[in-house]
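Have a look at the structure below, then the notes.
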Amino acid sequence: MTVVLGCVLAIVLLAGSNVLGQRTSVLIDDIAQLAGGITATIVCWRTASRRTGTERQWRVLMAAGMACWSAGMAVWAFYRSALGMPLPTASVADVGFFLFPILAVPALLAFVGPSPWRAASSARHVWVMSLLDGAVVVGSLFVLSWATVLGAVVHSSESDSIEFLVAIMYPITDLVLVAMIVLLAVIPRIAARYRTQLTLLGAGILMMAISDSIYAYLVATGADFMPVLTDGGFIAGTALIALAAAAPRTVDDNPAPRDSSTHSSSPDESKPTESDCTEAVTGARTQLLLPYALMGAIGIVLAILRVQTGELDSTVVVLGVAVVLLSLVRQVITLVQNDNLLRSLTRAQAELTYRAHHDGLTGLLNRSSFDEHLRAAVNDARAGRGRAVLLLIDLDDFKSVNDRFGHGGGDRLLVELARRLERCVVDGVVARFGGDEFTALVYADLDAGRATAVRIAETMRTAHEIDGHSVSVGVCVGVVQIGQLDRTPHDSTSVAGSDTADEDELMRLADRAMYEAKREGKAGIYAYDTAGALTAVPSTSDQATLGTRPKMVAGEPDPARLIGPPTRT
């Protein structure tokens, strides 16, 4: 930094001393300004490609602004050095010069940081809104300046009004940028993150404001020559902007997660504090409301002037209408973005609600959601509003499927079996209780619940193909009717009490019935009848093949032999 500023000082002193002659000094001055602008453009653009978030956005916008300023400076240098015009005014160069503050305003607003609407917006939307904000801010300040001071000065000035207007707008826009930097610097969060960059940016724009002010004064006094030494602010300003872009990153906008093995701090330290959230919301609101606050100020000032003078300057009216139109465009875009954001939030909320109540693999209800349905069924049974049957379903030897086909093959089989369960339970709900266990609520009497259990057992026996192998799965099912079982004090296998059992007791009974089926050879169904007795429920295939072949075991392509490891061919 010291070397760069030293070189700038040497160039300014060399050109300002006129030791090489007036024409040569002007040429060196113009080349130095143009080189400074181009250098700042390149440095901003190159460093932006290696940054993310706010650090990238302000550099890209500042690179665009400095590119416009450099284009204007090229025209200015052509007028002065090639055409011999000592003090060019109201030329094509002013277009490039005025585009610089329009792009610099959103660059400074980018320091406020990400907000919810920015996070949900596309990059194109963010750039368009930033440019509109810059145009509205600069246009509003111009209208206010014209309505309060500039208009009267221009109309009373002996110099050409257009030339003076163009000249006076340069220091005004520069001072607006300096004021924005000062306001950003007083925000603790922003000052801590970007102190070096804001300091260099503020110094650079302030140096340009000093030279612009001297230029405006010379135009106002009718001077026809601008001393080369007074251009030093432009040379130093562009160099300081380039140094700001090259400044090392401060706090990463998207910090990588810390390695728990090398950091002993608690996880809570990485969470945003309440003050961080408050500052983020305040910054986002400031960025969104600033253009509207300036428009409100315009309305108040114009109303006062209308009351005092009875008329308004045509320039104020035209520019005011232009600012209002830009604000309306900004508002329409904001409304559309808010609508998209609301739709995204609605979809995200619906997805979160679905995930909170459903199993991630099978799409069935999860355990907590099933508990709610079971609780409701118990309450309805107690109130005499309906009947329901609880089914607890466990897959037989499902581990053998995972052992042979891997967890991927086991997951595919679980998804298929879940679809079959849903088809079997016509009037009720099905849930994955955990691992290879499922539960179902059938809103019917005990006979219909038994029939559903038989249908489930038969459907599960249907072979399913995994990686070219036919796999059959048996199930054990425990069946309990809700609210219809009687207590038998001396029978440990019966339900205790004529009152409706609660959810935990019902699950224990279903679990007891299911494990009774497992003890009897698996692939069976046991149910508590209305008397509280635990009895087996025969299926059609069991009646037809009783004593002729073993129960089907999960993973067996053929029920006559046990599953074995795959054979290498």
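Computed from a predicted structure; not experimentally measured.
- Rounding to the nearest 0.5 angstrom, the gap separating the CZ atom in R367 from the CZ atom in R432 is 12.5 Å.
- More than 12 non-hydrogen atoms from other residues, nucleotides or ligands lie less than 6.0 angstrom from CZ of R423.
- Ion pairing between a basic and an acidic side chain is recognised when a charged N comes within 4.0 Å of a carboxylate O; D504 and R508 show no such pairing.
- Looking only at side-chain heavy atoms (C-beta outward), K518 and D396 come within less than 4.5 Å of each other.
- The line from CH2 of W58 to CD of Q197 is 5.5 Å long, rounded to the nearest 0.5 Å.
- Side-chain polar atoms of D397 and S400 form no donor-acceptor pair below 3.5 angstrom.
- Salt bridge annotation for R419-E416: absent, with no cationic side-chain nitrogen under 4.0 angstrom from a carboxylate oxygen.
- Rounding to the nearest 0.5 Å places CZ of R343 at 4.5 Å from CG of D339.
- Side chain of R455 to main chain of C424: a donor-acceptor pair is present (N/O by atom type, distance under 3.5 Å, no hydrogens or angles).
- With contacts defined as side-chain heavy-atom distances shorter than 4.5 Å, the pair Q57/L61 qualifies.
- Here the side chains of Y528 and R512 are in contact, with some heavy-atom distance below 4.5 Å.
- Side-chain atoms of I241 and L201, non-hydrogen and from C-beta on, do get closer than 4.5 Å to each other.
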Applying side chain to side chain contact (heavy atoms under 4.5 Å, CB included) to R404 and V471, what does each step give before you reach the verdict?
CA-CA 11 Å; R404 180 170 184 178; V471 179; over 6 Å; no
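- Residues W45 and A63 share a closest heavy-atom pair of N-CB, 3.8 Å.
- Salt-bridge check for R375 with E372: failed, with every basic side-chain N at 4.0 Å or more from each acidic carboxylate O.
- Taking the charged nitrogens against the carboxylate oxygens, E55 and R59 do have a contact shorter than 4.0 Å, which makes a salt bridge.
- Put simply, the side chain of S369 never gets that close to the backbone of N366: no donor and acceptor are under 3.5 Å apart.
- Looking only at side-chain heavy atoms (C-beta outward), Y443 and H373 come within less than 4.5 Å of each other.
- Residues D371 and E503 form no side-chain contact, since every pair of their non-hydrogen atoms from C-beta on lies 4.5 Å or further apart.
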Given F398 and L414, is the side chain to side chain contact (heavy atoms under 4.5 Å, CB included) satisfied, shown in steps?
CA-CA 10 Å; F398 186 75; L414 282 175; 3.6 Å; yes
Test side chain to side chain contact (heavy atoms under 4.5 Å, CB included) on V324 and L328 and set out the steps.
CA-CA 6 Å; V324 170; L328 289 176; 4.2 Å; yes
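- With contacts defined as side-chain heavy-atom distances shorter than 4.5 Å, the pair R450/I525 does not qualify.
- Annotation for V60 and A48: closest pair CG2-CB, 3.7 Å, computed over non-hydrogen atoms.
- Taking each heavy atom of A418 and L364 in turn, the nearest pair found is CB-CD1, 3.6 Å.
- Counted within 6.0 Å of CZ on R385, heavy atoms from surrounding residues, nucleotides or ligands total more than 12; the atom is thus considered enclosed.
- Taken to the nearest 0.5 Å, the OG1 atom of T439 stands 7.0 Å off from the CD1 atom of I393.
- A 6.0 Å sphere centred on CZ of R355 holds no more than 12 heavy atoms belonging to other residues, nucleotides or ligands.
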For I482 and L441: C-alpha separation, side-chain torsions, deciding distance, then whether side chain to side chain contact (heavy atoms under 4.5 Å, CB included) applies.
CA-CA 10 Å; I482 299 174; L441 269 179; 3.7 Å; yes
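- D394 contributes atom CG, which lies 9.5 Å from atom CZ of F438 (distance to the nearest 0.5 angstrom).
- In this structure, D511 and M507 have side chains that are not in contact, with every pair of non-hydrogen atoms separated by 4.5 Å or more.
- Remark: R387 CZ to D380 CG distance equals 13.0 Å, nearest 0.5 Å.
- Using cut-offs of 30° and 60° on the angle between ring planes, the pair F433 and F370 is perpendicular.
- Taking every heavy atom of both residues into account, R461 and S472 meet most closely at O-OG, 3.5 Å.
- Summarising the geometry of L506 relative to L374, their closest heavy-atom pair is CD1-CD1, 4.4 Å, with the distance given to 0.1 Å.
- Looking at K399 and D436, no side-chain N of the basic residue comes within less than 4.0 Å of a carboxylate O on the acidic one, giving no salt bridge.
- Of all non-hydrogen atoms in R51 and T47, the two that sit nearest each other are CG-O, 3.0 Å.
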